[in-house]
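As the structure is a computational prediction, the values presented were derived from the model and not from experiment.
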Amino acid sequence: MTDSPDRRVLAINTGSSSLKAALYQMGKKERLILSVDVERVGLPGSRMRITDGSGATLLERQAELPDHDAGLQATLAWIEQHNFHRPMHGVGHRIVHGGSRYSEPHRVTPELLDALQELVPLVPDHLPQAIDGIRFFSTAFPALPQVACFDTAFHHRMPRLSQMYALPRHFYDEGMRRFGFHGLSYEYITRELRRLDGALAGGRVIVAHLGSGASMAAIRGGASMDTTMGFTPASGLVMATRCGDIDAEAILHLIEQRKMTPGAVNTLINKQSGLLGVSGTNSDMRDLLGKGSADPHAAEATELFCYRAKKYLGAYAAALGGLDILVFTGGVGIHAAAIRERICSGMDFLGIRFDSERNEVHAPVVSRDDSRVKVRVIKTDEELVIARHTAELLS
């Protein structure tokens with residue numbers, strides 16, 4: 001970016017019921033201008049918060065936002081009203097799934113939109129909102145270039161064995177493989193580790209992205225070796241409302257013996273399971289930790305979450321041949337000290353010597369000085385990665 005002119009780039013990150021946007025000045029220096037966070041899109045009590053580059057609140061209010069288009073309209077109206085949109089050189093979008101075809105950022109074209117539409121059945125809770133966001137800006141600013149940044153791209157060059165299911169070979173050749181997700185987050189963390197730890201970051205790294213959606217990745221030499229999510233974001237760790245790993249025959253049992261429709265099973269494993277399903281009451285880790293002493297189901301949900309993460313931590317350390325750095329990120333990963341400690345407890349045999357006092361105050365490093373494995377807490381920034389890719393592609 002050092003030889004590129006400054007460009008003002010808007011990064012858009014749509015979730016199933018959330019919308020994040022960030023306006024950056026990209027060039028010799030990267031400068032955050034605005035950050036927008038919209039929660040509970042399509043649900044009662046939608047909230048919108050806008051902050052400046054220093055974190056000072058410029059707007060915080062409730063708003064009835066029935067869909068993501070309404071959230072984008074409210075965001076753009078505020079940006080235009082306060083004249084932050086001039087000049088704007090491009091818009092970058094987080095696209096959850098790129099399939100087998102897209103392994104790097106791409107300029108948005110009609111052909112790309114058609115290809116994304118074909119992938120909607122794999123991630124129906126995320127891709128439609130992202131596609132709608134692209135179309136929204138195509139209407140609002142027809143001449144403004146847009147860039148698609150794929151969450152699967154970081155994992156695209158995983159070792160072949162890590163991508164394969166033990167199904168007949170033709171299924172792999174036809175695109176049924178483990179793609180992996182949260183790639184923009186893992187890309188940001190990998191770059192931050194190089195800045196923070198230099199050569200050590202090129203070693204054996206496990207990153208735990210723990211939030212409403214949760215995954216882990218085994219990384220060596222800055223490249224993805226394996227990750228817990230696979231063909232879709234539903235596998236791997238316990239998540240807020242997704243079950244994570246489940247026996248494939250259990251799905252067939254639900255359809256054939258319980259007479260559930262495929263749509264009902266999809267809703268079950270993606271929206272009614274995970275922390276919500278096990279606790280029976282709540283999908284928010286903060287609430288479950290607060291109820292744990294009085295509610296055995298809430299306690300069991302958090303214990304299962306930690307157990308599954310601990311199991312993958314051990315598995316990925318084995319796959320990497322050891323471990324040099326463990327990173328916690330995502331909303332739960334950076335805010336829930338109790339979860340970090342439970343996952344790391346009893347892992348001395350891996351070289352993790354945990355520091356409870358540092359952990360309680362959310363220190364950047366929560367391992368002891370004599371720990372062979374450094375345990376870090378790093379806030380991820382997917383929007384900055386989107387802005388970087390967008391500016392680089394447009395230049």
Side-chain angles (χ1 to χ4, degrees), residues 15-18 43 96-97 119-127 151-152 155 162 165-167 176-183 185 207-218 226-289 291-292 295-316 330-333 336 339 342-343:
S16 56
S17 61
S18 65
L43 301 170
V96 171
H97 211 313
L119 293 170
V120 166
L122 299 183
V123 275
D125 294 332
H126 292 85
L127 259 186
D151 238 357
T152 49
H155 306 292
S162 298
Y165 290 109
L167 293 169
M176 185 171 285
R177 60 185 67 180
R178 301 184 66 256
F179 292 102
F181 299 88
H182 286 145
S185 175
V207 181
H209 179 112
L210 307 180
S212 294
S215 69
M216 295 177 77
D226 205 343
T227 189
T228 56
M229 289 178 170
F231 185 60
T232 76
S235 65
L237 305 182
V238 174
M239 303 177 223
T241 61
R242 299 178 209 155
C243 62
D245 287 344
I246 185 171
D247 187 337
E249 289 284 350
I251 301 297
L252 295 179
H253 172 82
L254 294 173
I255 294 172
E256 295 175 354
Q257 304 301 320
R258 300 291 186 94
K259 307 303 180 185
M260 294 179 68
T261 66
V265 172
N266 179 63
T267 299
L268 173 70
I269 64 176
N270 282 294
K271 297 184 178 180
Q272 299 172 344
S273 299
L275 295 174
L276 175 63
V278 177
S279 71
T281 57
N282 205 305
S283 64
D284 192 299
M285 183 63 80
R286 293 166 295 186
D287 294 339
L288 294 174
L289 288 171
K291 295 177 180 177
D295 184 343
H297 291 166
E300 195 167 49
T302 58
E303 288 300 327
L304 181 58
F305 180 95
C306 295
Y307 173 73
R308 187 80 60 84
K310 178 176 288 190
K311 188 165 66 170
Y312 268 111
L313 174 56
Y316 281 170
V332 174
I339 297 301
R342 291 181 194 181
I343 292 171

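Thr241 places no side-chain N or O within 3.5 Å of a backbone atom of Gly274 that could act as its donor or acceptor partner. Here the side chain of Ser235 pairs a donor or acceptor atom with the backbone of Thr228 at under 3.5 angstrom. Within the 3.5 Å criterion, the main-chain N or O of Phe181 finds a donor-acceptor partner in the side chain of His155. A donor-acceptor pair is defined here as one N or O able to donate and one able to accept, closer than 3.5 Å; no such pair exists between the side chain of Tyr312 and the backbone of Ala217. Side-chain N or O atoms of Tyr165 include none that pairs as donor or acceptor with a backbone N or O of Gly230 at under 3.5 Å. No side-chain donor-acceptor contact under 3.5 Å links Arg242 to the backbone of Gly213. The backbone N or O of Leu275 lies less than 3.5 Å from no partner atom in the side chain of Ser283, so there is not a single donor-acceptor pair.
Atom NE2 of His182 and atom CE of Met216 lie 13.0 Å apart (nearest 0.5 Å). Interatomic distance, CD1 of Ile246 versus CG of Leu254, reported as 6.5 Å (0.5 Å rounding). Note that SG of Cys243 is 11.5 Å distant from CG of Leu237, once rounded to the nearest 0.5 Å. Between the CE atom in Met260 and the CD1 atom in Ile251 there is a gap of 8.5 Å [rounded to 0.5 Å].
When every heavy atom of Ile255 is checked against every heavy atom of Val265, the shortest pair comes out as CG1-CG2, 3.8 Å. Closest non-hydrogen pair, Gly292 versus Ala299, comes out as O-CB, 3.6 Å. A pairwise comparison of heavy atoms in Ser17 and Leu43 identifies CB-CD1, 4.3 Å as the closest pair.
Qualifying salt bridge (charged side-chain N to carboxylate O under 4.0 Å, His left out) partners for Arg178, counting only residues two or more places apart in sequence or in other chains: Asp226. The side chain to side chain contact (heavy atoms under 4.5 Å, CB included) search around Thr281 returns Ser279, Leu288, Lys291, Asp295, not counting sequence neighbours.
Side-chain contact check for Lys271 versus Asp125: some heavy-atom pair is nearer than 4.5 Å. Side-chain contact between Ile339 and Leu289: present, with at least one pair of heavy atoms (C-beta onward) separated by less than 4.5 Å. Residues Leu210 and Ile343 have side chains in contact (heavy-atom distance under 4.5 Å, counting atoms from C-beta outward). In this structure, the side chains of Met229 and His209 stay at 4.5 Å or more apart for every pair of heavy atoms. By the 4.5 Å heavy-atom criterion applied to side chains, Val238 and Val278 are not counted as neighbours.
The number of heavy atoms from other shown groups lying within 6.0 Å of NZ (Lys310) is above 12. Under a cut-off of 6.0 angstrom, the local environment of OH in Tyr307 is sparse, with at most 12 non-hydrogen atoms contributed by other residues, nucleotides or ligands. Counting non-hydrogen atoms of neighbouring residues, nucleotides and ligands closer than 6.0 angstrom, the NE2 atom of His297 reaches no more than 12 such neighbours.
Checking Thr302 against Arg342 by side-chain atom types alone, a donor-acceptor pair falls below 3.5 Å.
Ring geometry for His97 against Phe179 counts as perpendicular: the plane angle is over 60°, on a 0 to 90° scale with 30° as the lower cut.
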